[in-house]
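Here's the structure, in structure tokens; my notes come after.
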Amino acid sequence: MIRSNKDWFKSAIVYQIYPRSFLDTTGSGVGDLCGIFQKLDYLKSLGVTDIWITPFFESPQKDNGYDVSDYYQIDPTFGSLEEFDRILSAAGDLGLGVIIDMVLNHTSDQHAWFLESRSCLNSSKRDWYHWRKGMRLPLDPNQLVMQTRQDPQAVSTLIDALRELKMLCDDNLVAGIPASLELFEQALMQSETDVGQIELASIYTHLRTLEKGSAPNNWESYFSGGTWTYDEHTAEWYFHLFSAYQPDLNWQNPAVRNALCDVMTFWAERGVTGFRLDAINFISKHPDFPDDKSDDPHLGQRYHIGRSEVHDYLNECYDKVFEPYNLMTIGECAHLSVEETLNFVGFDRQELTSALHFDLVSLDRGTDKYGPKSWCFADFKSVWSKWATALHSRGWMASYIGNHDQPRPVSRYIQPGFEAKGAKMLAGLLLTSPGTPIIYQGEEIAMSNVAWRSIDDYNDIECIGYYRKGLARGQSPEELLRDVNDKSRDNARTPMQWSTDRQGGFTTGKPWLPLNDNFEYINVAQQEECPDSVLNFYRQLTALRSNNRVLQIGKFRELKVNADGIYCYTITHDDVAFLVMLNLTAQSQSLNMTDELLTSYAGELMILSGEVNELDANQEHKVLSPYHFEVWKQNI
Ligand code: TEU
């Protein structure tokens, strides 16, 4: 389906599907495309306009599909191309667009491009990825002489081995050794050592270590550990920002860019309405890969985040694919300022239609992303308001509170016992704020975190890396498990809770990840029956947004309030104004009705979650019940 209106993404409401956890129709325990097909009516009923499906391409599934081994094939775990086309066409009939996830920063190490690239030094695809020689400490001949003096038997074999190595390898490959060899020979001539024999193999091992050297630089990966992995076969290191199974593509190479544009064209031709672009602001790396000498908590970020070349690359994709197919492009743009983000999504740029920022989901992240950090409502509001205001009339954002990489919002921001009320308030915030809202599967029924007892219960490559790294530096397993419980991405990946049936109606088999035990009282079927459910509240909100252009394109302004736990803002456009008042806390809050608030507090009450509380007689206060949310609309 190609949408005709250029600005269509401004009125979109997106629902994100993590296919392996959505609905399994085969009993394999893993969700599949047929499952999505079966739920299209449900998705339509939510009032969303587009679904975004996270990667379903052929993949060894080391990072659940974010390690693609063939961009043109569907992983058999999920189904077939025919089934995907069936979704596209049935969704299209319902007026639902389909956005797919493009993982273009890296491929799987099993992708044919990488297999070819790693096959030999002069492979035609060698420079499709980043390969570097190890950093070697110069071989100190004097030290070697000292060593052999202690073991005189070793000398002659060592010389032979060094000579052989000199012949085998070109100077570049074993830089340092040939020069050292000469010095070593000179030093040896002057010495009076007995010549003996030792195992050639052990010398080779020694030389191999010298040859391998250490990683080409000190950058850190996102999944714990360094960004380089040594490849024995060609004695070079390859670069990966995520796991070693996910080597980074070299976007500097025009052939790579062409190949990736071909991939995107293939899917655009099939009729997708857009792409979510994974880690897109990371695709360009400093070509020299310098050591990061700063004291940044994440070494190397300064050399791969939002570099200027990214804009040239995206501009090229825009001309070739995004623009001709009128696609919505949602760039995952971590750790950028507002101004830097505008370089991707400004209306004057020809790059992306929207971006996802990381400021909100970083609020409670301390060391290494998993360590705890305290946060307060004032910070929460200031981050939200910053992004809600900054881009107005200059560019566009996509907004979200949770996704497949984040713990569940109700467990993160809401006090236990208030999940349903809290979920409604968060939904209200999301769906009345600027930017294209993205609802992550399960949020519409307030699914929550799990807390498993052992790291062995987890599947998430990221949290397992964090746990191992923590153990290595001496942290206690209990402390690490607590961090993992709070932050693991598996929290968002437990299967969708459809009903009280066995395995929550998700599968008839053994689910790939256990369900959250609370499926018996948090599930779609029950909430369908209850007019006051979180699910039905979502429907009210999507309808409100879709029926009111003002909410889609209006101007956001935060109003001053007397308490950090209360958040009030207006959204205005032309002669219509919406007022949103909400309580971020589990306590009732008394809101001082300032003149500014009183002016906006008029017109028609559109939506309410919480107790009906009129103003007091003097019109000075209004009580907002725990996680209260209300919206007013007036003509101005
Ligand atoms: O996530 C990327 C991601 O979360 C990082 O880029 C993020 O910037 C960093 O961790 C913040 O500190 C995407 C996918 O959403 C995720 O599921 C994948 O595992 C990852 O890319 C690798 O493809």
Side-chain angles (χ1 to χ4, degrees), residues 14 16-21 52-57 59-69 71 99-109 111 114 219-225 227 239-249 260 275-285 296-306 310 330-337 340-341 344 355-371 373 398 400 402-407 438 440-441 458-466 469 483 487-493 513:
V14 178
Q16 183 193 348
I17 297 179
Y18 197 67
R20 54 187 309 118
S21 303
W52 146 29
I53 313 177
T54 65
F56 44 71
F57 313 100
S59 157
Q61 305 290 327
K62 296 286 185 193
D63 187 20
N64 292 352
Y66 282 95
D67 47 324
V68 179
S69 54
Y71 294 101
I99 294 171
I100 61 171
D101 216 312
M102 281 286 128
V103 191
L104 307 179
N105 175 69
H106 46 269
T107 65
S108 156
D109 65 344
H111 194 293
F114 188 70
W219 300 5
E220 289 169 89
S221 81
Y222 287 101
F223 289 164
S224 304
T227 45
F239 179 82
H240 50 88
L241 276 179
F242 296 91
S243 79
Y245 303 112
Q246 296 160 295
D248 282 36
L249 283 159
L260 295 175
F275 298 128
R276 180 265 190 185
L277 294 151
D278 190 62
I280 200 67
N281 61 326
F282 295 179
I283 57 178
S284 161
K285 284 91 195 173
D296 276 0
H298 189 113
L299 292 176
Q301 271 194 341
R302 62 182 50 224
Y303 296 119
H304 71 256
I305 290 200
V310 176
I330 309 172
E332 192 192 28
C333 288
H335 314 308
L336 297 182
S337 67
E340 288 164 336
T341 307
F344 288 80
L356 301 161
H357 73 79
F358 272 58
D359 283 1
L360 191 76
V361 296
S362 303
L363 263 189
D364 59 351
R365 293 187 181 275
T367 46
D368 271 356
K369 211 171 158 187
Y370 274 59
K373 191 169 116 201
Y400 68 104
N403 65 27
H404 66 295
D405 290 335
Q406 301 297 330
I438 305 182
Y440 178 61
Q441 78 183 32
Y458 285 86
N459 165 279
D460 171 15
I461 189 170
E462 181 186 79
C463 76
I464 295 169
Y466 170 79
K469 187 173 166 192
D483 294 346
K487 300 271 169 45
S488 170
R489 305 187 300 177
D490 285 340
N491 282 311
R493 299 176 179 185
L513 202 62

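From a predicted model like this one, the values you see are computed outputs, not experimental measurements. In each ligand, atom 1 is the first atom listed, and ligand 1 is the first ligand listed.
If you look at Arg489 next to ligand 1, the close heavy atoms, those under 4.0 Å, all belong to the side chain. Contacts of Arg493 with ligand 1, taken as heavy-atom pairs under 4.0 Å, involve the side chain alone. Residue-level proximity to ligand 1 for Lys62 is absent, since no heavy atom of it falls below 4.0 angstrom. Contact annotation: for Tyr18 versus ligand 1, there are no heavy atoms closer than 4.0 Å.
Relative orientation of the His404 and Tyr440 rings is tilted, given thresholds of 30° and 60° on the angle between their planes. Using the six-membered ring where Trp is involved, Tyr303 and Trp219 have ring planes that are parallel, under 30° apart on the 30 and 60° scheme.
Not a single side chain to side chain contact (heavy atoms under 4.5 Å, CB included) links Pro297 to another residue, sequence neighbours left out.
Those atoms of ligand 1 with a heavy atom of His106 less than 4.0 angstrom away are 22 (C), 23 (O). Near Ala334, meaning under 4.0 Å from any of its heavy atoms, are these atoms of ligand 1: 8 (O). Near Tyr222, with a cut-off below 4.0 Å to any heavy atom, the atoms of ligand 1 are 9 (C), 10 (O). Per-residue contacts place His404 under 4.0 angstrom from the following atoms of ligand 1 (heavy atoms of the residue considered): 14 (C), 15 (O), 16 (C), 17 (O). Close contacts between ligand 1 and Phe282 involve ligand atoms 6 (O), 8 (O) [criterion: under 4.0 Å to a heavy atom]. Each of the following atoms of ligand 1 lies closer than 4.0 Å to a heavy atom of Phe223: 19 (O).
Counting only N and O atoms by type, the side chains of Asp101 and Thr54 include no donor and acceptor under 3.5 Å apart. Under the 3.5 Å distance criterion, with hydrogens and angles disregarded, no donor-acceptor pair is assigned to the side chains of Arg276 and Gln16. Side-chain atoms of Gln301 and Tyr222 include a donor-acceptor pair closer than 3.5 Å.
To the nearest 0.5 Å, atom CZ of residue Phe56 and atom OH of residue Tyr18 are 14.0 Å apart. Here the straight-line distance linking atom CD1 of Ile53 with atom CD1 of Ile17 works out to 5.5 Å at 0.5 Å rounding.
Of the protein's heavy atoms, Asp63 OD2, 3.5 Å lies nearest to atom 22 (C) of ligand 1. Nearest to atom 10 (O) of ligand 1 among the protein's heavy atoms is Lys369 NZ, 2.4 Å. Atom 3 (C) of ligand 1 has as its closest protein heavy atom Glu332 OE2, 3.6 Å. Summary of contacts: the protein heavy atom closest to atom 15 (O) of ligand 1 is Asp405 OD2, 2.4 Å. Counting protein heavy atoms only, atom 12 (O) of ligand 1 is closest to His335 NE2, 3.0 Å. With hydrogens left out, the protein atom closest to atom 14 (C) of ligand 1 is Asp278 OD1, 3.0 Å, a heavy atom. Residue, atom and distance of the protein heavy atom nearest to atom 7 (C) of ligand 1 are Phe358 CE2, 3.6 Å.
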Please step through salt bridge (Lys or Arg N to Asp or Glu O under 4.0 Å) for the pair Arg489 and Asp63, ending with a clear verdict.
CA-CA 11 Å; Arg489 305 187 300 177; Asp63 187 20; 3.0 Å; yes
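Heavy atoms of Gln406 stay at 4.0 angstrom or farther from ligand 1.
Not less than 6.0 angstrom separates the ring centroid of Phe239 from the ring centroid of His304.
Within 6.0 Å of atom OH in Tyr466, more than 12 heavy atoms from other residues, nucleotides or ligands are found, so the atom counts as buried in its surroundings.
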